[in-house]
Protein chains: 2
Amino acid sequence: MGIQERKERQLAEREQLFLDAAREQILQDGLLGLQMAKVARACDYATGTLYQHFASKEDLLVAICGDLVEKRVEIFNRLPRWKAPSRERILGIAVGDIIFAHHYPEHFKLAQFVFTEVVWQAASPKRRSQLLETSRPMGEAVRQIIDDAVAAGDLDTHGRPVFEMTLGQWTMTLGMHNLVHAEGVLELYNLHDPYRILLRQLNALLNGLGWQPLMDPFDEAALEQLVTRIQREVFADLCDSTTDNESSGCP
Amino acid sequence: MGIQERKERQLAEREQLFLDAAREQILQDGLLGLQMAKVARACDYATGTLYQHFASKEDLLVAICGDLVEKRVEIFNRLPRWKAPSRERILGIAVGDIIFAHHYPEHFKLAQFVFTEVVWQAASPKRRSQLLETSRPMGEAVRQIIDDAVAAGDLDTHGRPVFEMTLGQWTMTLGMHNLVHAEGVLELYNLHDPYRILLRQLNALLNGLGWQPLMDPFDEAALEQLVTRIQREVFADLCDSTTDNESSGCP
DNA sequence: TCGAACTATGAACCGAGTTCAAAATCCCAG
DNA sequence: CTGGGATTTTGAACTCGGTTCATAGTTCGA
């Protein structure tokens with residue numbers, strides 16, 4: 001069945017072509033600028049062909065989101081392998097996410113939009129469950145880290161679901177991305193370096209939840225040092241060696 | 001200038017009429033179901049009249065959001081007056097927000113959508129700055145509480161901006177609302193009582209940030225007791241005395 | 001080489017947001 | 001009271017972009 005295979009491969013390739021073109025367009029013209037006809041045209045296909053891959057514009061949006069989540073998962077998957085104190089590995093998730101946000105600045109903006117009722121409900125159930133499924137490994141990676149931490153005696157979950165031990169991290173990150181992408185809000189509240197503040201808050205949360213070893217949440221130098229270490233040891237390839245002074249990225 | 005006044009009042013009344021009708025429609029048919037023509041028709045006005053008040057659909061959405069924020073501000077404003085340990089007052093913000101979310105279940109869903117690039121950029125600058133201005137008092141109330149706490153010796157901000165002492169609370173709340181309104185996510189991660197978990201996490205965060213007096217973040221009973229006290233002392237009128245067993249609301 | 005099955009095309013359709021010229025109403029000077 | 005200019009309301013017409021589907025083109029095995 002070589003023909004069948006080839007057809008499927010070609011179809012997948014074209015789907016990726018569409019996805020990339022759409023992402024490019026979002027990057028260029030914003031979410032507002034995304035138009036089905038333009039995407040198809042950019043790939044030298046007719047509109048109808050685009051609709052063979054994506055049932056609707058919302059479907060396309062969800063698909064792009066899923067495509068990006070895969071890259072995010074790749075980042076998450078580094079953590080369980082990284083041999084370090086569990087607390088640092090947990091914070092590593094956040095650091096990885098921040099690096100990810102820098103590489104794909106459109107992702108969280110898109111994600112916020114996609115999980116909006118308007119887009120979500122209009123997308124096909126297949127795409128939706130596909131997106132949820134794609135993001136599942138992130139949860140798995142985190143679970144692994146926490147299980148390790150408990151096994152090593154670094155953390156007592158007090159009988160609570162493992163997942164809860166990092167849910168705050170997740171929601172805080174989500175919320176901070178909301179703020180970062182809500183135009184005008186950063187200025188209104190004078191948040192010059194939101195991701196740095198996020199790391200501080202996460203560090204404090206971990207303290208409050210009893211993660212070991214403890215670190216003073218106000219010890220800026222220690223946090224700085226830890227973040228740098230994580231970047232070097234886990235995400236070196238993603239961090240340009242060119243001096244990027246913004247602490248939000250890869251300092 | 002009695003005539004001028006009357007006209008302005010009538011205009012304001014009609015604007016509220018439109019806002020309420022639109023909100024009603026969102027409640028009924030979801031954000032997807034909101035249609036300009038339907039809103040106008042529901043108020044027995046022509047489409048054009050609606051456009052005298054709101055420059056676009058996005059404008060209307062932002063306006064509705066602002067309308068709800070005013071009600072939210074009313075809740076925030078109770079806290080600085082409430083005489084209680086500062087830590088409890090800070091947690092009171094979260095409790096108030098959760099109660100608010102119960103009374104206006106559409107708010108956070110709407111807010112998430114409104115602060116999306118697609119809606120935000122399409123709305124008129126006037127409406128946008130109006131919405132931001134409306135939400136400013138929330139920040140003021142929080143600032144007041146923290147200033148009081150510092151003055152009372154309950155908290156050392158370590159020289160950091162006052163706002164940062166609760167930013168984590170804000171982002172965490174935002175993020176949790178994102179999850180609550182992202183269909184499928186709660187089920188995927190078995191989050192049965194997201195707001196209860198949120199309160200736990202917030203409590204832990206406050207611990208980590210050094211708010212006084214400390215409370216064990218795993219002491220469920222103590223947290224329960226505190227939440228109940230806040231509800232009774234600050235939000236009694238908003239909490240139905242009818243037994244609502246859902247801890248997310250008014251238990 | 002042929003024709004059935006499959007695929008791509010893009011003009012036409014459709015629906016909702018938006019506009020604007022005409023109609024209705026309001027206000028006040030005469 | 002009344003005439004007419006200013007203001008407000010109306011809703012049919014317009015626009016624009018997502019979506020469809022009859023038609024044209026292509027593929028593949030007999």
Side-chain angles (χ1 to χ4, degrees), chain A residues 1-15 17-18 21-22 25-26 28-64 113-114 116-124 127, chain B residues 1-15 17-18 21-22 25-26 28-64 113-114 116 118-124 126-127:
Chain A
M1 278 295 90
I3 288 179
Q4 192 63 23
E5 266 175 22
R6 195 210 59 215
K7 280 192 181 178
E8 274 169 24
R9 198 187 59 242
Q10 284 181 336
L11 223 58
E13 275 171 11
R14 201 169 56 190
E15 181 149 325
L17 191 70
F18 283 140
Q25 217 171 99
I26 289 175
Q28 204 110 44
D29 309 333
L31 280 165
L32 268 171
L34 187 69
Q35 288 178 19
M36 297 302 270
K38 274 208 276 179
V39 172
R41 194 50 46 208
C43 304
D44 295 315
Y45 279 104
T47 329
T49 310
L50 183 55
Y51 276 86
Q52 284 203 328
H53 292 264
F54 310 101
S56 65
K57 185 177 180 176
E58 285 76 20
D59 243 41
L60 174 58
L61 284 169
V62 173
I64 301 171
F113 188 49
V114 159
T116 267
E117 182 194 341
V118 176
V119 178
W120 191 249
Q121 289 192 359
S124 70
R127 286 278 173 205
Chain B
M1 279 294 92
I3 287 177
Q4 193 62 24
E5 264 176 23
R6 194 209 60 214
K7 279 192 180 177
E8 274 169 22
R9 198 186 58 241
Q10 285 181 336
L11 223 59
E13 276 172 9
R14 200 169 57 189
E15 181 150 326
L17 191 70
F18 283 140
Q25 218 171 97
I26 289 176
Q28 205 109 43
D29 309 333
L31 279 166
L32 267 172
L34 186 69
Q35 289 177 18
M36 297 302 269
K38 273 208 276 178
V39 172
R41 194 49 46 207
C43 304
D44 294 316
Y45 279 104
T47 331
T49 310
L50 184 55
Y51 276 87
Q52 283 204 327
H53 293 265
F54 310 100
S56 66
K57 185 178 180 176
E58 285 76 20
D59 243 40
L60 174 58
L61 284 169
V62 173
I64 300 170
F113 188 48
V114 159
T116 267
V118 177
V119 178
W120 191 249
Q121 289 193 358
S124 70
K126 192 184 141 224
R127 285 277 174 208

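Each chain gets a letter, A, B and so on, in the order the sequences are listed, and its residues count up from 1. Small disclaimer: the values here were computed from a predicted structure and weren't measured.
The nearest whole Å value for the distance from the CD atom in A:E8 to the P atom in D:dT27 is 18 Å. The interatomic distance linking B:Q10 (CD) with C:dC27 (C1') rounds to 14 Å, in whole Å. Distance CG (B:L50) to P (D:dA12): 17 Å, rounded to an integer number of Å. Atom NZ of A:K38 and atom P of D:dC16 are 13 Å apart (whole Å).
Considering only side-chain N and O atoms, B:T49 lies under 4.0 angstrom from the phosphate OP1 or OP2 of D:dT10. OP1 or OP2 of C:dT7 has not a single side-chain nitrogen or oxygen of A:Q52 nearer than 4.0 Å.
With sequence neighbours left out, B:K126 forms a side chain to side chain contact (heavy atoms under 4.5 Å, CB included) with B:S124, B:Q130. Residues that satisfy the side chain to side chain contact (heavy atoms under 4.5 Å, CB included) test with A:K38, not counting sequence neighbours, are A:Q25, A:D29, A:Q35. Here B:E8 pairs with nothing under the side chain to side chain donor-acceptor pair (under 3.5 Å) rule; sequence neighbours left out. For A:E58, the side chain to side chain contact (heavy atoms under 4.5 Å, CB included) criterion is met by A:S56, A:V119, A:A122, A:A123, not counting sequence neighbours.
In this structure the side chain of A:L61 reaches within 4.5 angstrom of the side chain of A:I26, judged on heavy atoms. Residues B:V118 and A:T116 form no side-chain contact, since every pair of their non-hydrogen atoms from C-beta on lies 4.5 Å or further apart.
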> How does each nucleotide of nucleotides 17-26 of chain C score, in 5' to 3' order, for protein heavy atoms under 4.0 Å: base (B), sugar-phosphate only (S), or none (-)?
Replying inline: SBB-------
Side-chain donor-acceptor contacts of residues 44-54 of chain B below 3.5 Å, not counting sequence neighbours, with atom names and distances?
residue: B:H53; atom: ND1; partner: B:E15; partner atom: OE1; Å: 3.3
residue: B:H53; atom: NE2; partner: B:R14; partner atom: NE; Å: 3.0
residue: B:H53; atom: NE2; partner: B:R14; partner atom: NH2; Å: 3.2

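Listed by residue number, A:R41, A:Y45, A:A46 are the residues of residues 39-46 of chain A with a heavy-atom contact under 4.0 Å to DNA chain C.
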